Amino acid sequence: MLAGVGESGAGTSPAAVELTGVGKVFAGRSGEVAALAGIDLTVVVGEFVTLIGPSGCGKSTLLRLVADLTEPTAGTLRVNGKSPRQARLDQDYGIAFQQAGLMDWRSVARNIELPLELRGWDRRRRRQRAVELLELVGLPEFADHRPSELSGGMQQRVAIARALAAGPRLLLMDEPFGALDEMTRERLQAELARICRETEASVVFVTHSIPEAVYLSDRVVVMSARPGRVTRTVDVELGERTEEIRGAPEFFAKVTEVREALRGRRGAGSVAEGAQR
Amino acid sequence: MTGRVARVAAPLAVGAAVLAGWEWFVTARRIRPYLLPKPSAIWRQITLNASDILDAATVTGSNALAGLVAGSVLGILAALVASRFGLVNELLIPLAAAVNAMPIIALAPIFNNMFSTTSTVPRRLIVTVVVFFPLFVNVLRGLTQVAPIHRELMHSYAASGWAFARKVRLPNALPFLFTGLRLAASLAVIAAVVAEYFGGVQKGLGTRITSAASNTAYPRAWAYVAAACALGLVFYLAATLLERLATPWRARP
């Protein structure tokens with residue numbers, strides 16, 4: 001127990017993300033829509049948690065709540081032990097969306113540098129960091145290219161590099177590989193798994209894809225729609241992620257488990273619980 | 001490479017064909033010169049009056065340029081203010097639409113009376129008014145139509161309003177600005193020429209066109225019209241060149 005301050009025992013170090021009784025109601029024209037209800041979720045430091053569920057189950061909304069891009073109507077959220085707003089102001093997290101959202105008027109490297117510019121890093125340090133990150137995402141020779149010269153997969157890698165730029169302890173990713181073809185997608189998944197191992201960041205990841213969720217996660221959180229709630233969580237203990245693991249029986253077993261949870265077979269208990277309310 | 005040649009050669013070929021057809025038509029049908037002079041007659045007038053045409057074009061060109069710069073600056077400033085304050089936005093847009101709907105013909109005699117007859121200010125003012133609107137509307141659109149993802153990213157970076165303006169809003173508005181400028185460049189020359197039709201200083205292409213026409217020197221009037229046409233083209237090309245230099249990231253056809 002002589003470890004550094006960062007690991008001074010599970011009791012004192014705050015969870016990366018902690019949600020208690022979180023709900024979100026959108027006021028629409030045709031009345032109120034409950035996007036999320038009664039969400040309890042804890043992501044411990046260094047954990048990779050994936051939110052999976054049908055469209056409209058509020059998984060993206062949940063991520064946006066953590067990012068302080070929208071506010072909850074019920075419950076409390078803590079991000080690194082702070083309010084989401086404070087965590088955002090402190091830039092505790094890096095974020096990536098389904099669209100890369102690169103800025104056309106900046107070179108690839110300058111896109112990665114953007115969050116660093118806003119934090120007041122000087123030019124040399126910024127460029128050095130951008131070069132490092134381009135190395136990490138496998139695009140070292142594209143620093144001075146325009147984003148429009150890159151393929152969709154390459155743009156998404158740049159977006160991930162940008163999310164990692166300031167070395168955040170928490171990564172929030174909203175279907176970052178959703179618009180990519182299957183081959184690119186699997187390659188980027190492997191890269192993300194490696195990057196997460198190297199950076200030791202905690203990750204909250206939203207996806208539609210069951211194999212993607214199982215491959216990447218320590219824990220898969222299965223959600224159901226209207227209102228969005230957590231029906232089940234599946235612990236995935238597959239050890240180091242390699243390409244071989246995609247063909248392993250334990251991988252398929254987990255995929256099946258998540259699929260059944262999504263279909264609600266073993267989530268019957270919580271469906272009943274939902275009906276009682 | 002062949003594409004580039006075709007892009008220059010095709011309009012030139014069409015232009016030459018039109019001129020040849022025009023020449024033939026006037027000769028064959030014996031059209032009277034005061035109705036439509038031959039291109040060759042117009043060309044003769046261009047070469048005969050070359051130095052005066054150049055002087056007149058310089059006068060009109062500087063009026064157009066001064067008005068273009070003033071109108072652009074005002075349009076951009078108004079767009080910046082409007083995008084910053086929602087209320088001003090709502091007030092300015094109908095006002096700008098009203099300014100745009102105003103015919104410059106109505107303004108020219110009034111502006112001329114407001115200043116001495118030797119002043120170039122009224123003409124420049126007219127150009128300014130004409131240029132203002134396309135710049136204002138386009139820049140405002142560019143400043144407000146920021147991609148939602150860029151908005152959210154900057155929010156997630158806890159960027160200040162100023163940083164957001166400088167790093168996202170302004171570069172986002174640049175292509176829009178140049179769309180407005182390209183439009184305004186041609187309009188500025190038209191406005192500068194037309195403004196001269198309503199008296200004032202006896203200099204410039206518009207003045208020369210009216211005086212040649214009133215002396216029934218139609219081929220000469222046409223020579224000055226051709227010069228006005230060339231001046232408009234110069235302005236348009238300059239705006240396009242500026243656009244390419246300022247927004248190198250945009251894909252070109």
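These figures come from a predicted structure and were not determined experimentally.
- Between B:Ser156 and A:Tyr93, the closest side-chain pair of non-hydrogen atoms falls below 4.5 Å.
- The structure places OH of B:Tyr157 at 11.0 Å from CZ of A:Arg119, a figure rounded to the nearest 0.5 Å.
- Summarising the geometry of A:Arg146 relative to B:Pro248, their closest heavy-atom pair is NH2-CG, 4.0 Å, with the distance given to 0.1 Å.
- Other residues, nucleotides and ligands place no more than 12 heavy atoms under 6.0 Å from the CZ atom of A:Arg169.
- Using a 4.5 Å cut-off between heavy atoms, A:Leu89 touches chain B through backbone and side chain atoms alike.
- With rounding to the nearest 0.5 Å, the separation of CG in A:Asp104 from CG in B:Leu174 is 12.0 Å.
- Crowding of A:Lys82 atom NZ: a count of heavy atoms from other residues, nucleotides or ligands under 6.0 Å exceeding 12.
- More than 12 non-hydrogen atoms from other residues, nucleotides or ligands lie less than 6.0 angstrom from CD of A:Glu149.
- The backbone N or O of A:Leu69 sits nowhere less than 3.5 Å from a side-chain atom of B:His155 that would complete a donor-acceptor pair.
- Using a 4.5 Å cut-off between heavy atoms, A:Gln99 contacts chain B through both its backbone and its side chain.
- Taking chain B as the reference chain and counting heavy-atom pairs below 4.5 Å, the highest number among A:Arg85, A:Arg88, A:Glu117, A:Arg162 is found for A:Arg88.
- Residue A:Glu200 qualifies as open at atom CD: its count of foreign heavy atoms under 6.0 Å is 12 or below.
- Within the 4.5 angstrom heavy-atom criterion, only side-chain atoms of A:Arg64, from C-beta onward, approach chain B.
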Assess the residue pair B:Met154 and A:Leu114 against the criterion (side chain to side chain contact (heavy atoms under 4.5 Å, CB included)); give the C-alpha distance rounded to whole Å, side-chain angles, the decisive distance to 0.1 Å, and a yes or no.
CA-CA 9 Å; B:Met154 293 303 276; A:Leu114 178 63; 3.9 Å; yes
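- Inter-residue side-chain proximity for B:Lys167 and A:Trp105 is flagged as unmet; no heavy-atom pair is nearer than 4.5 Å.
- Most heavy-atom pairs under 4.5 Å with chain B: of the set A:Ala96, A:Gly94, A:Ala100, A:Pro115, this distinction falls to A:Pro115.
- Proximity to chain B is limited to the side chain of A:Arg106, based on heavy atoms less than 4.5 angstrom apart.
- Heavy-atom distances place no part of A:Leu172 under 4.5 Å from chain B, backbone and side chain included.
- In this structure the side chain of A:Ile95 never reaches within 4.5 angstrom of the side chain of B:Glu152, judged on heavy atoms.
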